[in-house]
Amino acid sequence: MAQDGLLELYGSVENVVYHNDKNQYTVLELHAQDALVTVVGAFPFVSTGEELHVYGRWTTHPSFGEQFKAEAFERSRPATTAAMLKYLSSGAIKGVGKATASRIIETFGGKSLEIIEKEPERLAQIKGISREKALEIGKELHRVYGIRELMTFLGAYGVRPEEAVLVWKAFGEASAACVQEDPYCLCSEGIDISFDIADSIAQSMEKPRDDQGRVQAGILYVLRHNLLNGHTCLPADKLCAAASHLLGVELSDVQDALYILCENFHTVRETIRGREFIFLWQQHCSESYIAGRMEEMLSMPPKAIHKAQEHILKTEAKFGISYAQKQKEAICAALEQGILILTGGPGTGKTTILKGIIQILKEMGEVVFLAAPTGRAAKRMSELTGEEAKTIHRMLQVEWDEQDRPVFAKNERNPLECDCLVIDELSMVDSFLFESVLRALPLSCRLILVGDSDQLPSVGAGNVLGDLIASRRFPTVQLKEIFRQSMESLIVLNAHRIVEGKQPELLKRDNDFFFMPQSDPQLAGDLIVSLCAKRLPASYGYSPVGDIQVLCPGRKGELGTVELNKRLREAVNPKSREKAEISIGGALFRQGDKVMQIRNNYDLPWTREDGTGGQGIFNGDMGVITQIDRAGGVLRVQVDEKEVLYDFEHAANELEAAYAVTVHKSQGNEFTAVVLPVLKTPTQLCYRNLLYTAVTRAKKILILVGRREVIAQMIENDRKTRRYTGLLGFLNGAGEGENIK
C-alpha cells in the first residue's frame, strides 16, 4: 500500500486508550521500533494484540506531546500466540473473556484463530464451552472480520468507516457480495453513500453505463440532491433530462428506469395541472398527509368561541390598547374557525394579536402551547408574549433511530396535550417537520400559524407557509399596516419598502438604518471589521460577540463568511496566552470564539445552571466557546442558557466560526445590530427576499456597507426562490401543482 509522502510505522497494538464508536476516532498505543508510540486516527474495531501498518505524520500535541497522526492503515491478524492471547482477551470477540481466551490458546496454540474461523465446533472440546457457544464465537469472529474486510474494501473508494458499518447493518455477511453485485445499493435510504462513490466502484468492475441499477440510482440521486435545493418533487421531463445528462445515457433508458422505480414504490408519479411530477416516497407522504390533515381540520373544527367581539373589548381594556380592524379579524378567526394563518412584516402587530388570542383562550380554560423552529426564535417568542415557548423538536420530544434520523415521541398515538398550538416563524418549517407537527396534533385542536411569507423559505425541502397561503383554503390575515410606534424605525419602514419593490431611504443618518458607501472590497472589509470591533462598541456599548452580527449573502469571496470570520476573529478575539486554542481538521477554535452549529445533532447532551438537562443542538444555534479542555478532548460551549460539551471530532464536523454567517443561516434569529455587505454579491444570491430577510434580522441598528447599485439590483430581482412542491396541488385537488417562486 503506497502512501506518497507519508511515514510508516509497523507494530502491535498494546492498548486502546480511547475509541469513539460513532466516528471511529481512536487513541492507541502501538509497540513499534522497540518503543511505545501514541497513534491517533480513525481505527474501526481495533483491538489489542493486532498488528498494524500505519501511514501518517508525526505531530506534537500541546498537552500529550509527540503523537503519530494516522491517515491510513492496514491490519494483520495476530501472528504469535502471545498476540492472539492479547487479542482474544481484549473482548474483541463477543463471548470470549480473559479466562476463555487463555483456555483456547492453551488448547490450540498458534492455530487458535484458524480453528475459531474454520472449525468453531472444535472449541466445544474446552471445558465450559458448549457446542452452541462455540458456534456463536465462530459466528462473531466472522462478523468482526467481515466488517473489517468490508471497511478495507470500501475504504479504497473513499467510504468512511461509519458508513461501512451502515452497509453491514443493512446487508450483514452478504455486504461485499451485494456491493459487487450492485454497487448502487450503497445509495439506498439509510446508507446514503454518494452516487459518485458507488459509480466509481461500478466503473472499476466495468459495469455497463446503461445498467438498470445505475440508471435507477442516478434518478434517485437527482431527486435527493434537489431536496437540498428545497424541491419536494421535480417535473418528470426535467428529472429525466437531468439524469440522462448526469449518467451519459439515452433519455429512453432513464424513462424506462423511472417507470420501474414508480412500479416498485421507490418514487411516486403525480399529474398536477396537466404536468407529471416525480416525488421520493417520503416527500410525497409528507405533503399528501399535510393536505389531508389540513382538510380534515377544516371539516372538523374545534368548538367555536362565540361573542368574539365582547372578548376583544375585554382584552383591549385589560391591555390598554385598541386593535385595528385587521387585528380583530385575526382574533375572530382564531376563536371562531380554529385555524388562522397570520402573516406580515415587522411592526405590523403580529405579537399584539397573539397576546390577545392567548389571553382570551386561557380565560376560556384552554391549554395553549407555543413553539418555534429554533431555540432563538422560541426564546424571542417567550420574551414577546410572556408565555413559555419551546422548539418544535423539544415539544414533539425528539428521539433518533439507528441511522440518527429524527423520530418523535409525540404522534397520533401520543398526541400533544393542548387545546391550541401556536407556531411562529413558519416560513422556516419544512414539509417533514410540519407533517410531524400535524401527526401530534389532537383532534379539534386550534392551530395558529405565524410567519412572514416574504422571508426566505425553509432550509429543508418544501414551502409550507407559501403553499398554505396560496391555496386560499384557510383563514388568512395578512397584515400590511405599520403601527405608529414602529413608524419611528427606519429598519421597519425600509423593510416594507424593499418588499414593495421600492428603494430604501439611504440618506438619513439619525435613525437605526445606515448606508455606508464603499466600492473596494478590501476597504469594505476593513470598514466592517472596524464597525464590529471598535466603532459600534464605542458608540453604543454593544458586545462584538453578543450583540453584533455580520450577515453575508454567501460564503465565498473577500466579503463572504469564510474570509470575514478570519478577520473578525483576530480583531474581536485575538490570540493571547490567556486563551486556549486548538486546530482540528484545519478548523481553528479559540476560547471566546463565537460559533454556530451547522447541522442537527439530536443526541448531543446539554445542561443548564439549575442542573436540568436534555439532548439536541440544532442547525443555526449559536454560542460561545467558554473552555478548551485538551486533556479531556472536549470544547465547552455556552448556547444561550445551555452548556454543551463537544468532543474534538464532533466540534470539527459540527461547529463553525459565527462572527459572520450567511443570511440563510440567520433565519429565526434577531440581533441587536446587523452589518450587511452589499458589494460583489453573487448573481444567484442577488434577489429581493434575501435582502429583506437580512434587514429584518436587525432589532436596533442595521448598517449596509457597499454600493447602491447592488441594493437596487437585489430589490429589482423579485424571483424569490424557485421551488417545486406538491402541497399546493394536493390542497387544490391537484389543480395548482407547480409552485415556482
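Nothing here was measured: the structure is a model prediction, and the numbers come from that model. Along the sequence shown, residues are numbered consecutively beginning with 1.
- Classification of Arg214 and Asp199 as a salt-bridged pair holds, one side-chain N sitting under 4.0 Å from a carboxylate O.
- The neighbour count for Glu250 CD, taken as heavy atoms of other residues, nucleotides or ligands under 6.0 Å away, does not exceed 12.
- Heavy-atom minimum distance, Glu435 versus Tyr289: CG-CD2, 3.8 Å.
- Under the 30°/60° scheme for interplanar angles, the aromatic rings of Phe408 and Phe432 are found to be tilted.
- Here the side chain of Lys207 pairs a donor or acceptor atom with the backbone of Glu181 at under 3.5 angstrom.
- Under the 4.0 Å criterion applied to side-chain N and carboxylate O atoms, Arg131 and Glu121 are not assigned as salt-bridge partners.
- Although no hydrogens or angles enter the test, the distance criterion places a donor-acceptor pair under 3.5 Å between the side chain of Ser286 and the main chain of Gln282.
- Defined by atom type and a distance below 3.5 Å, a donor-acceptor pair is present between the side-chain atoms of Gln216 and Gln212.
- Evaluation of the ring pair (Phe, Tyr, Trp, His ring centres under 6.0 Å) test over residues 182-203, restricted to residues two or more places apart or in two chains, returns Tyr184-Phe195, Phe195-Tyr221.
- Under the 30°/60° scheme for interplanar angles, the aromatic rings of His53 and Tyr55 are found to lie parallel.
- The closest side-chain donor-acceptor pair between Asp196 and Ser194, if any, does not fall under 3.5 angstrom.
- Checked by atom type, the side-chain pair Thr232/Glu287 shows a donor-acceptor distance below 3.5 Å.
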Checking side-chain hydrogen bond (donor to acceptor under 3.5 Å, both in side chains) for the pair Glu51/Tyr10: CA distance, chi angles, key distance, verdict?
-> CA-CA 7 Å; Glu51 296 185 354; Tyr10 175 76; 2.6 Å; yes
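- A salt bridge between Arg599 and Glu654 is absent, with no side-chain N of the basic residue lying under 4.0 Å from a carboxylate O of the acidic one.
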